[in-house]
K.L.:
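Dumping the structure here so I can ask a few things about it.
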Amino acid sequence: MTPLPPVHDLTDPTSEFSTGVERALAATGYLFNSANSARYVADVLQSVNLVATTVARTTAPFTGATPAELRARVAAVDLDTPLADTTAALAELEPIYLRDAVYFHDSRYAAHLNCPVVIPALAGEAVLSAINSSLDTWDQSAGATMIERRLIDWTAERLGLGPDSDGVFTSGGTQSNLQAMLIARNHAVSRLRLDPDAAGKRLPALLDTLRIFTSEASHFSISKSASMLGLGYDAVVSIPTDADRRMDTTALAAELAICQAEGLVPMAIVATAGTTDFGSIDPLRELAALSRAYGSWFHVDAAYGGGLAVSNRHRHLIDGVELADSVTIDFHKTFFQPVSSSAILVRHGATLGHVTYYADYLNPESAARADIPNQVDKSIQTTRRFDALKLWLTLRTMGAEGIGALLDEVIDLAARAGGLLAADEDFELAADPALSTLVFRYKPACMDDDEADDINPRIRAAVFASGEAVVAGTKVDGRHYLKFTLLNANTTLGDLRAIIDLLRRTGASLRAATALSGSAVSTSAVSGGAA
Ligand SMILES: *Cc1c(COP(=O)(O)O)cnc(C)c1O
């Protein structure tokens, strides 16, 4: 390797680079270009090595550091006084970030849907950020646009959306759901405008009539989208779920009939394929049929369950997804990709035109006419990362079956852990696992609901503060529960047994401390612990 050019301390007033112009010249030494590849390799390798050694010696998912501790350490850094070089800046990250980060790589992490990541995707991450293609226009991306489009076609084909389908990568399920609801809204409005009575009305009057139907277990981003799209939170009709936490189709049919009788417009039915808490999958075919009957847009939020599209053993669980008008899929969940990597797919590509806006300086209409592929025509973002590259390298290395096998593994693990919890007298399982989550609570014999409500959030906080494990919490029918979200195929049943025992021990000692202090609602027994 050629020797690195010297690093100049840009803040040292006695250095040879004392004037502004000289400092600017020295700063160009940091630009990544053909003259600077040695520095690039050296600095990036340092950071990669640091991450590798940090993860290799990590033995728990967290240290229990508190917000106050980390806020103070971050605040103590003087951002106006740079360090000498990348080595020093990376070393400084140890106390303010790396030591106390939350490690999804660890087998005792069992909380949220953020996943352990596969190595081919990390290789992709290195390439895409260094080349820095932006996927808004062809003249900033070239082949990157073609790779993204191939992956959109591949995904749509896996979902069975048909030859006219299209889509675009997004920052996450929240954005995909927002875009889907935007398309559904504009689709409904354009149909309303066909009615001569409505043609002259202002938009707010039309929006006021639109309703979205989704289950009570659906993701909050649906309600948030309704609010952001000018419909209001109360435009969302929440449909109850059955014992398996799937949308109750009888209740939905009744609400649709009421909507119609009141002269309102059923703008969209939103099914969830993998609810965030229970992993439950709504009855897609029945919902598609109701959608058709009422002329609604049928959106499937498969942010979590999307990975089933590449599962050998569980693909059938999302049968019916091919009937959707639009689908949300999060590659950064069940495809084991780093944040962020997600997409929205639509059955009819032309419906993406609801977000098209031609700007003379970026994507003039003449470019669209000339068939120049500007992805910004389909996206609500402008500058956009080439996140598709991570999935590309993953498919080209592990293959779709490899990804599906990782998901199949954690689905099996959840089933086995569900068996453990169901047989354990100290715990109560809220529902049989559908995908890779388990919702349960600590509730030994003769503990009533109120005591369980008091103690379960405290167990979770205490375990988080200990750093020994990370589990999630949620509410079911108004009661506090604990939750495992399993996405790590390296986690064993033994690991989960150890977490369950930790939860039991923590629960028992909190109970004992509460009994001693004589108060059923004392929270002083366990200090700290962010929720
Ligand atoms: C995670 C999730 C979302 C939101 O996706 P983000 O990528 O976090 O924005 C939406 N819907 C469901 C069902 C999810 O599980």
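Numbering of ligands and ligand atoms starts at 1, following listing order.
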K.L.:
Run the numbers for me: atoms of ligand 1, each under 4.0 Å from some heavy atom of K333, listed by number.
P.N.:
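Under 4.0 Å from K333, ligand 1 has these atoms: 1 (C), 2 (C), 3 (C), 4 (C), 5 (O), 14 (C), 15 (O).
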K.L.:
If every non-hydrogen atom of T63 is compared with every non-hydrogen atom of R99, which pair is closest and at what distance?
P.N.:
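Between these two residues, the closest heavy atoms are CG2-O, 3.2 Å.
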K.L.:
Show the atoms of ligand 1 that are less than 4.0 angstrom away from any heavy atom in G173.
P.N.:
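Matching atoms, with element in brackets: 4 (C), 5 (O), 6 (P), 7 (O), 9 (O).
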K.L.:
Quick one: does Q175 get an N or O within less than 3.5 Å of an N or O on ligand 1?
P.N.:
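No - when backbone and side-chain N and O of Q175 are compared with those of ligand 1, no distance drops under 3.5 Å.
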K.L.:
At a 4.0 Å threshold, what atoms of ligand 1 neighbour a non-hydrogen atom of D330?
P.N.:
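The atoms of ligand 1 under 4.0 Å from a heavy atom of D330 are 5 (O), 6 (P), 7 (O).
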K.L.:
Please report which non-hydrogen protein atom sits nearest to atom 9 (O) of ligand 1, along with the residue it belongs to and the distance in Å to one decimal place.
P.N.:
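Here the closest protein heavy atom is T174 OG1, 2.6 Å.
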K.L.:
Is there a side-chain contact between V327 and I344 in this structure, where contact means two heavy atoms from C-beta onward sitting under 4.5 Å apart?
P.N.:
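The answer is no, as the side chains (C-beta and beyond) never meet within the 4.5 Å cut-off.
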K.L.:
Taking ring pair (Phe, Tyr, Trp, His ring centres under 6.0 Å) as the definition, give me every residue that meets it alongside H348, ordered by chain and number, with sequence neighbours left out.
P.N.:
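For H348 there are no ring pair (Phe, Tyr, Trp, His ring centres under 6.0 Å) partners, ignoring immediate neighbours.
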K.L.:
Can a non-hydrogen atom of H332 be found less than 4.0 Å from any atom of ligand 1?
P.N.:
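Per 4.0 Å heavy-atom rule, H332 contacts ligand 1.
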K.L.:
What residues form a side chain to side chain donor-acceptor pair (under 3.5 Å) with D244, not counting sequence neighbours?
P.N.:
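Here no residue qualifies.
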K.L.:
Is the distance between the ring centroids of F62 and Y103 under 6.0 Å?
P.N.:
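Ring-ring flag for Y103/F62: false, centres at least 6.0 Å apart.
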K.L.:
Identify, by atom number and element, the atoms of ligand 1 in contact range of A303, meaning under 4.0 Å from any of its heavy atoms.
P.N.:
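So the atoms of ligand 1 that pass are 2 (C), 3 (C), 10 (C), 11 (N), 12 (C), 14 (C).
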K.L.:
Examine the proximity of ligand 1 to L113 and report which part, side chain or backbone, both or neither, has a heavy atom under 4.0 Å away.
P.N.:
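Under 4.0 Å from ligand 1, L113 contributes side-chain atoms alone.
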K.L.:
Looking at G274, which atoms of ligand 1 are within less than 4.0 Å of one of its heavy atoms?
P.N.:
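Listed by number with element: 13 (C).
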K.L.:
Mind checking whether S342 has a heavy atom under 4.0 Å from ligand 1?
P.N.:
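False for this residue.
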K.L.:
Of all the non-hydrogen atoms in the protein, which one sits nearest to atom 11 (N) of ligand 1, and at what distance?
P.N.:
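Residue, atom and distance for the closest contact: D301 OD2, 2.6 Å.
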K.L.:
Please find out if less than 6.0 Å separates the ring center of F336 from that of F331.
P.N.:
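Judged by ring-centre distance (under 6.0 Å), F336 and F331 do not meet the cut-off.
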K.L.:
I want to check something: taking the side chain as every heavy atom from C-beta on, are E322 and L159 in contact at a cut-off of under 4.5 Å?
P.N.:
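Not touching, per the 4.5 Å side-chain cut-off.
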K.L.:
Of the backbone atoms (N, CA, C, O) and the side-chain heavy atoms from C-beta on, which set of N177 has a member under 4.0 Å from an atom of ligand 1: side chain, backbone, both, or neither?
P.N.:
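Within the 4.0 Å criterion, N177 contacts ligand 1 through side-chain atoms alone.
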K.L.:
More than 12 heavy atoms of other residues, nucleotides or ligands under 6.0 Å from CD of E157: yes or no?
P.N.:
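Counting other residues, nucleotides and ligands, CD of E157 stays at 12 neighbours or fewer.
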